[in-house]
Amino acid sequence: MEIVICPDRDKGAAIAADIVARYLDRLQQPILGLATGSTPKPLYHLLAERHHRGELSFRRCITFNLDEYVGLTPTHPQSYRYYMQQHLFDRVDIDPNKTHVPDGLPADPAVLRETCRDYEAKIAALGGIHLQLLGIGANGHIGFNEPMSSLASRTGIRTLSRQTITDNARFFQRSEDVPRYAISMGIGTILAAEHCLLLAFGDRKARAVAAAIEGPLTARCPASALQMHPYATLILDEAAASDLQCRPEYDWAAANALGTPGTNNF
Ligand code: F6R
């Protein structure tokens, strides 16, 4: 794992933007895995700004999002499709047909299972994801893979935890509208990406980050599965890094790295 500790989240987002830009510039058909949530917002903002200045194009790029709620239309303000349109897709030159967010409708298990199989097949047919962006939940989840999810899982239907449903209730007018299910790439799907780039900012993430990096490999902390990934970069701010025990090792490795952040897979 390559651990990059930054003074603050703006610096972290800038480093992440450089890494994404390298893939967009270097590859003929870059395939990006994308995440939603509060963590990648500053990164998407920087990418949109760079595009605006004519420094970056998404024209050749194909994207696959990690997850989507079941039962929300793409125009629902809480849907991840809507989030992506707002924060990135509508702000850059990406071909809308090349953006993929799992379709959580209709909320029929048979149809959703088919959607999940198709999603995996589409990623595989394109040769896999080059760079997978990830956030981390305070409980260590990645995508919607909550603690105790199979570390080998593939894209599938996930039942949201009681905590997640309670947390989300504030975004919906009626409690019966809060999604109970989501479609999520599995941990196995995530691990199949060539390069995983996890961002974590703020002290709310400190425990999960320490468990993911220094704890045992365990389904209790789904992000610890990244310990098995040959090329995982974790960008943290000081607050998210505050529970790490082996900090001097990370600082030494960063100070003596041969390459720029995101190119030092060890
Ligand atoms: C989002 C996702 C989630 C989030 C995680 C952190 O697509 O898959 O795993 O990355 O819940 O969320 P924030 O960034 O809001 O703290």
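This one's a predicted model, so the numbers in the text were calculated from it and none came from an experiment. Whatever order the structure lists ligands and atoms in, that order sets their numbers, starting from 1.
Of the candidates Lys98, Arg60, Arg59, Arg59 is the only one forming a salt bridge (charged side-chain N to carboxylate O under 4.0 Å, His left out) with Asp93.
Here ring pair (Phe, Tyr, Trp, His ring centres under 6.0 Å) pairs that include residues 156-181, with residues two or more places apart or in two chains, are His76-Phe172.
Among all protein heavy atoms, the one lying closest to atom 11 (O) of ligand 1 is His141 NE2, 2.6 Å. Of the protein's non-hydrogen atoms, the one nearest atom 15 (O) of ligand 1 is Ser38 N, 2.9 Å. Among protein heavy atoms, atom 6 (C) of ligand 1 sits closest to Ile136 O, 3.4 Å.
With hydrogens and angles left out, the side-chain atoms of Thr164 and Glu146 include a donor and acceptor closer than 3.5 Å.
Closest heavy-atom approach to atom 1 (C) of ligand 1 within the set Thr36, Leu198, Leu133, Ile190: this belongs to Thr36. When the heavy atoms of Gly137, Ala35, Ala138, Gly143 are ranked by distance to atom 3 (C) of ligand 1, first place goes to Gly143.
Every atom of ligand 1 with a heavy atom of Leu66 under 4.0 Å away is listed here by number and element: 8 (O). Below 4.0 Å from some heavy atom of Lys205 lie the following atoms of ligand 1, by number and element: 6 (C), 13 (P), 16 (O). Counting the atoms of ligand 1 from 1 in the order shown, those under 4.0 Å from a heavy atom of Gly37 are 14 (O), 15 (O). Close approach of ligand 1 to Thr39 (heavy-atom distance below 4.0 Å) involves ligand atoms 13 (P), 14 (O), 16 (O). Within the listing of ligand 1, atoms 1 (C), 2 (C), 7 (O), 8 (O) sit less than 4.0 angstrom from a heavy atom of Asp67.
Between Arg50 and Asp18 there is a salt bridge, with a side-chain nitrogen of the basic residue lying less than 4.0 Å from a carboxylate oxygen of the acidic one. Under a 4.0 Å N-O distance rule, the pair Lys11/Glu238 does not qualify as a salt bridge.
In terms of polar-atom proximity, defined here as any N/O pair under 3.5 Å, Tyr80 makes no such contact with ligand 1.
Between Tyr69 and Phe144, the gap from one ring centroid to the other is short of 6.0 Å.
Rounding to the nearest 0.5 Å places OG of Ser184 at 6.0 Å from CG of Leu66.
With a 4.0 Å heavy-atom cut-off, ligand 1 is reached by no atom of Asn65.
No donor-acceptor pair closer than 3.5 Å links the side chain of Asp177 to the backbone N or O of Gln173.
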